[in-house]
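Counting starts at 1 for both ligands and their atoms, in listed order. We use all heavy atoms of the structure for the numbers below, so side chains are in, but hydrogens, waters and symmetry mates are not. Since we're looking at a predicted model, the values are computed, not measured.
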Amino acid sequence: MPEATRIITANGGLRAVQIDAPAARGLIYLHGAHVASWIPAGADRDVLWLSEKSHWAAGKPIRGGVPVCFPWFGPRKDDPAAPAHGFARLKEWSLESTELLPEGAARVTLLLQSDDDTRRSWPHDFTLRMHASFGKVLELRLELTNTGSTPLTAEEALHTYFAVADARALTIRGLAGARYIDKVDGLKEKTQDDVIRITAETDRVYTNTTSEVIIEDPPAPGATGRHIHIGKTGSADTVVWNPWIAKAKAMADFGDDEWPGMLCVETCNVMANALRLTPGQFASMTARVSIHPSA
Ligand code: TA6
């Protein structure tokens, strides 16, 4: 294992790979293949947000960072008792490899394979790999293979929580003209007429969107302004979420006053764009995040 990566015991006694590479620092838990931190060289603060109230325990999701949602997104349609966003973020993944990349980045590869436990709740065989590269760019590539003998349908999301100075002051570009499903207005289908601003609880699935999204996060006391670019490949949907006041209060693992400091822009294939893989078929979804000084 290159010295830029080492296995540590992190929050809650959970094992994680700590990255301290020339191009970036970071942290990825084996629990859920959960990226919890990414600080590119020269940045004055983490690009990812974590709740002070997050659980840190096997079987419980981490609040913040990049939850991996699989094989369903949100509540399970046919089983309300099932864990929201699937089981992948609740299970311990195995560490396959770590490597230092030419440009001073470090890549960590984690693997989740179907087992008796997963088959009990989802009767399919699969391998799911997370290739997480921590460098000037945070690149997360989620690779799914249907290793079973029957077709499977799966939703997937990289449910990324970004640290922002104030969600009420930022502008989100890149989705103007896109159609979205408004989850706070009866799942009505609407069209995004211009940039997005957060003025209330916001929970939208922008369907059939492949464009790069930019979060323009203005300067604030103690925080330089920055633009967070979120590019992607192999993803047909983008979710934008901020819980606002009431929803933040309703979540035990989310501080009541934390909601202005975060914004989720999620890279996914959900609902009508769920993956449909025949036996042996493979699908890959990548999110690429970079930060740039605000003008
Ligand atoms: O992606 C937005 C969303 O689906 C919201 O509806 C909200 O439930 C959020 O995910 C967080 O879900 P979680 O299960 O992590 O609390």
Checking Arg226, Arg197, Arg173 against Glu216 for salt bridge (Lys or Arg N to Asp or Glu O under 4.0 Å), the one that qualifies is Arg173
If you scan protein heavy atoms around atom 16 (O) of ligand 1, the nearest is Arg63 NH2, 2.8 Å
Is there a nitrogen or oxygen of His159 sitting under 3.5 Å from a nitrogen or oxygen of ligand 1? yes
_Would you say the rings of Phe254 and Trp49 are close, in the sense that their centroids are separated by under 6.0 Å?_
yes
- Query: Cluster question for you: counting only ILVMFWY and a side-chain heavy-atom cut-off of under 4.5 Å, with indirect links fine, are Val68 and Val35 together?
  - Reply: yes
query: Is it true that Lys247 lies under 4.0 Å from ligand 1, counting heavy atoms only?
result: no
Note: ligand 1 atoms sitting under 4.0 Å from heavy atoms of Val239 are 1 (O)
*asked:* Looking at Asp78 and Arg76, is any side-chain nitrogen of the basic one under 4.0 Å from a carboxylate oxygen of the acidic one?
replied: yes
For Ala84, the atoms of ligand 1 under 4.0 Å from one of its heavy atoms are 14 (O)
For Glu266, the ligand 1 atoms with a heavy-atom partner under 4.0 Å come out as 1 (O), 2 (C)
- prompt: Is it true that Phe254 lies under 4.0 Å from ligand 1, counting heavy atoms only?
  reply: no
Requested in this report: May I ask whether Arg204 places a heavy atom under 4.0 Å from ligand 1?
Outcome: no
Atom 12 (O) of ligand 1 has as its nearest protein heavy atom His85 NE2, 3.2 Å
Is Glu258 salt-bridged to Lys53, cutoff N-O under 4.0 Å? no
protein heavy-atom neighbour closest to atom 14 (O) of ligand 1 works out as Arg89 NH2, 2.9 Å
* Trp122/Phe70 aromatic ring centres below 6.0 Å -> yes
Practice prompt. Evaluate whether atom CD of Glu52 has more than 12 neighbouring non-hydrogen atoms of other residues, nucleotides or ligands under 6.0 angstrom away.
Written response: no
Distance flag for atom 8 (O) of ligand 1, protein heavy atom under 4.0 Å = no
State plainly whether the residues Asp182 and Lys190 are in salt-bridge range, i.e. N to O under 4.0 Å.
yes
In ligand 1, the atoms that come under 4.0 Å of a heavy atom of Asp203 are 2 (C), 5 (C), 6 (O)
> Just checking, Arg204 and Tyr180: is the charged tip under 6.0 Å from the six-membered ring centre and within 45° of the axis?
Replying inline: yes
Per-atom filter on ligand 1: closer than 4.0 angstrom to a heavy atom of Phe73 are 1 (O), 4 (O)
Going by distance only, is there an N or O of Lys183 that falls short of 3.5 Å from an N or O of ligand 1? yes
